[in-house]
Amino acid sequence: MEQITLYNTLAGKKEIFKPLEGNKVFFYCCGPTVYNYIHIGNARAFVLFDFIRRYMAQNGYTVTFIQNITDVEDKIIKKAAEEKKSWDSVAERFTRAFQEDMARLGVLSPDISPKATETIPAMITLIETLEKKGFTYTISDGVYFRVRKFEGYGKLSKKSLDDLRAGSRISVNDEKEDPFDFALWKFSKPGEPAWESPWGRGRPGWHIECSAMSRQYAGRTLDIHAGGEDLVFPHHENEIAQSEAALGEPLARYWMHNAYVNLNGAKMSKSLGNDVTVRSLLKDHPPQVLRLFLFSAHYRKLLDFTADALVDAEAKYQRFNNFFHTFSDVEEKEDFSLVKEWDERVRAFLNDDFNTSGALGVFFEAVAACFKEKDPAGLAGAVKHWLRRWDSLFFILPGEETSLTGETLHGLMEILIDIRHRARASKDFELADMIRDRLKELGIMLEDTPDGTRYKKR
RNA sequence: GGCAACGUAGCCAAGUGGUAAGGCAGUGGUCUGCAAAACCACUAUUCACCGGUUCGAAUCCGGUCGUUGCCUCCA
């Protein structure tokens, strides 16, 4: 079992990761609210935590990965009203879109993927417990959590209620005892989705679902609770408050948060309308390129999504592509002794708070070493095998079929290459170049090497 | 206004006490009919700035400036 160090937001520092019991890891990651297509910033969190989950699973931990789908929420209702559709059809459509985007990005399905609407009984039970302990009160539009009564409020985000109040921009609802009290249960207006509850017909508040689900599916304190940096306050702070107030034990031991993706220097956000969807990016870029972009910086560091950044990621992808293409005749073979040092460095980087950027650097060093070797066949075979193994986790390498497949096509290519060879021999470069240019238009690149001409599909 | 994070070459970025990984771009060369790919050489005596601690600091401490974010739904 690898020893992993990770940055725990709750502790405010890196800590050695130790599951509550043995090698069992209950890992909860906040999922999407399904009212729109996800953007590249959303994808950062999902790609990252899927990566971490799989790295752990491949290294001796038994991971149960839980990721909710928020399928009832104000924004979904709003979107449905705009489109004149039912709220549940909107939720269904974007749930499917989310799952498709994830699959294309190479993100595995969670072990458990509960929907908010399927977990309402557990939420009601939790609110009842809070009510018994005096943490709730009811006003005209819903049941609220009494933030002041929970002693540790602010321990995750390192904020005190008084600091927050000083700079508060939130509009104060006169009925609320404190502006930071939040809704556990919202009463429904006519036409809005509604479930029966002891307090009246309504729907759950946003924060309660993660608390209820993690309890229902893990049954105890989580080992890891993860999400984007913007969820620290108030979402995760509120989850902690309600869970710990109700159950008297920690909600999670380790809290992990990824930094944002900015768009040309400013925050990318669905609500600001400057988001770039994964769906649109996948039209022009293979998923590997998007993942290379996402892995290019440490996850706790801000990533700026720019045209240059995408060009950079494309170039990295091409570098790998050229490597596999150049050594396409070399058979992959397992020879760990040749790659041992690189492998240890990659592991050291990943074990130190999942430093994917450092790990990528090692991959490129290995690639460069193969190109530099005078007789690289032995090394390249081992590096190819080694990279492919890591790629089951990273998913950044080009697929196997970079050269044309199919015997007929191959035969045709041989003919064209032969004609061009003859043209060159008789110094008919016009013809030779025409063949090369026309093939290029089809996306087939010719390369003249000392061992003859070869081709690849771009 | 309050609270944070970050600031490493033209760009991206790793490195958190022992003397600057890696990728892209650039320049010169090798190879080529010309290319492509690849290789070789060059490209930060220096890590925003100013002090301090230390034998030694990009790395620790204090201050200054700058960027970004959170304080409202948000990955």
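Since the structure is predicted, the reported quantities are computational estimates derived from the model, not experimental observations. Chain naming here is simple, since letters A, B, ... match the order of the sequence lines and numbering starts at 1 in each.
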* Asked: In Watson-Crick or G-U wobble terms, both distances under 3.5 Å, what is the partner of A25(B)?
  -> none
* Is there a donor N/O on one and an acceptor N/O on the other, under 3.5 Å, for the side chain of D74(A) and the base of C73(B)? -> no
* For N322(A) and A36(B), is the shortest distance between a side-chain N/O and OP1 or OP2 below 4.0 Å? -> no
* To do: May I ask you to verify if any side-chain N or O of K78(A) is less than 4.0 angstrom from the OP1 or OP2 atom of C73(B)?
  => no
* Which residues share a side chain to side chain contact (heavy atoms under 4.5 Å, CB included) with S113(A), sequence neighbours left out -> I69(A), P110(A)
* Asked: Ignoring hydrogens and angles, does a donor from either the side chain of K75(A) or the base of C73(B) sit under 3.5 Å from an acceptor on the other?
  -> yes
* When the ring centroid of H207(A) is compared with that of H236(A), is the distance short of 6.0 Å? -> no
* **Close residues, residues 228-240 of chain A, relative to RNA chain B [heavy-atom separation under 4.0 Å]** => G228(A), D230(A), L231(A), F233(A), P234(A)
* Looking at residues at least two apart in the chain, or sitting in another chain, which of them share a side chain to side chain contact (heavy atoms under 4.5 Å, CB included) with P114(A)? -> I66(A), I112(A), T119(A), M213(A), Y217(A)
* Per the atom types in the model, does the base of C6(B) pair as donor or acceptor with the side chain of R300(A) at under 3.5 Å? -> no
* Are the aromatic rings of F363(A) and F394(A) close, with centres under 6.0 Å apart? -> yes
* Relative to each other, are the rings of Y55(A) and F51(A) parallel, tilted or perpendicular (30° and 60° limits)? -> parallel
* To do: Compare the minimum distances between each of C3(B), A75(B), A14(B) and the side chain of K301(A), then state the nucleotide with the smallest one.
  => A14(B)
* To do: Could you pull out all residues at least two apart from R436(A) that satisfy side chain to side chain contact (heavy atoms under 4.5 Å, CB included)?
  => R420(A), D433(A), L446(A), D448(A)
Is there any protein nitrogen or oxygen under 3.5 Å from a nitrogen or oxygen in nucleotides 20-24 of chain B, and what are the pairs?
from   : atom 1 : to      : atom 2 : distance (Å)
A21(B) : O2'    : E365(A) : OE2    : 2.4
G23(B) : N2     : D312(A) : OD2    : 2.8

* Structure fact -> S109(A) meets the side chain to side chain contact (heavy atoms under 4.5 Å, CB included) criterion, sequence neighbours left out, with none
* Can you check whether F320(A) and F364(A) have ring centres sitting under 6.0 Å from each other? -> yes
* Does the G15(B) base have a donor-acceptor partner in the side chain of D352(A) within less than 3.5 Å? -> no
* Would you call E100(A) and R96(A) a salt bridge, taking side-chain N to carboxylate O under 4.0 Å as the test? -> no
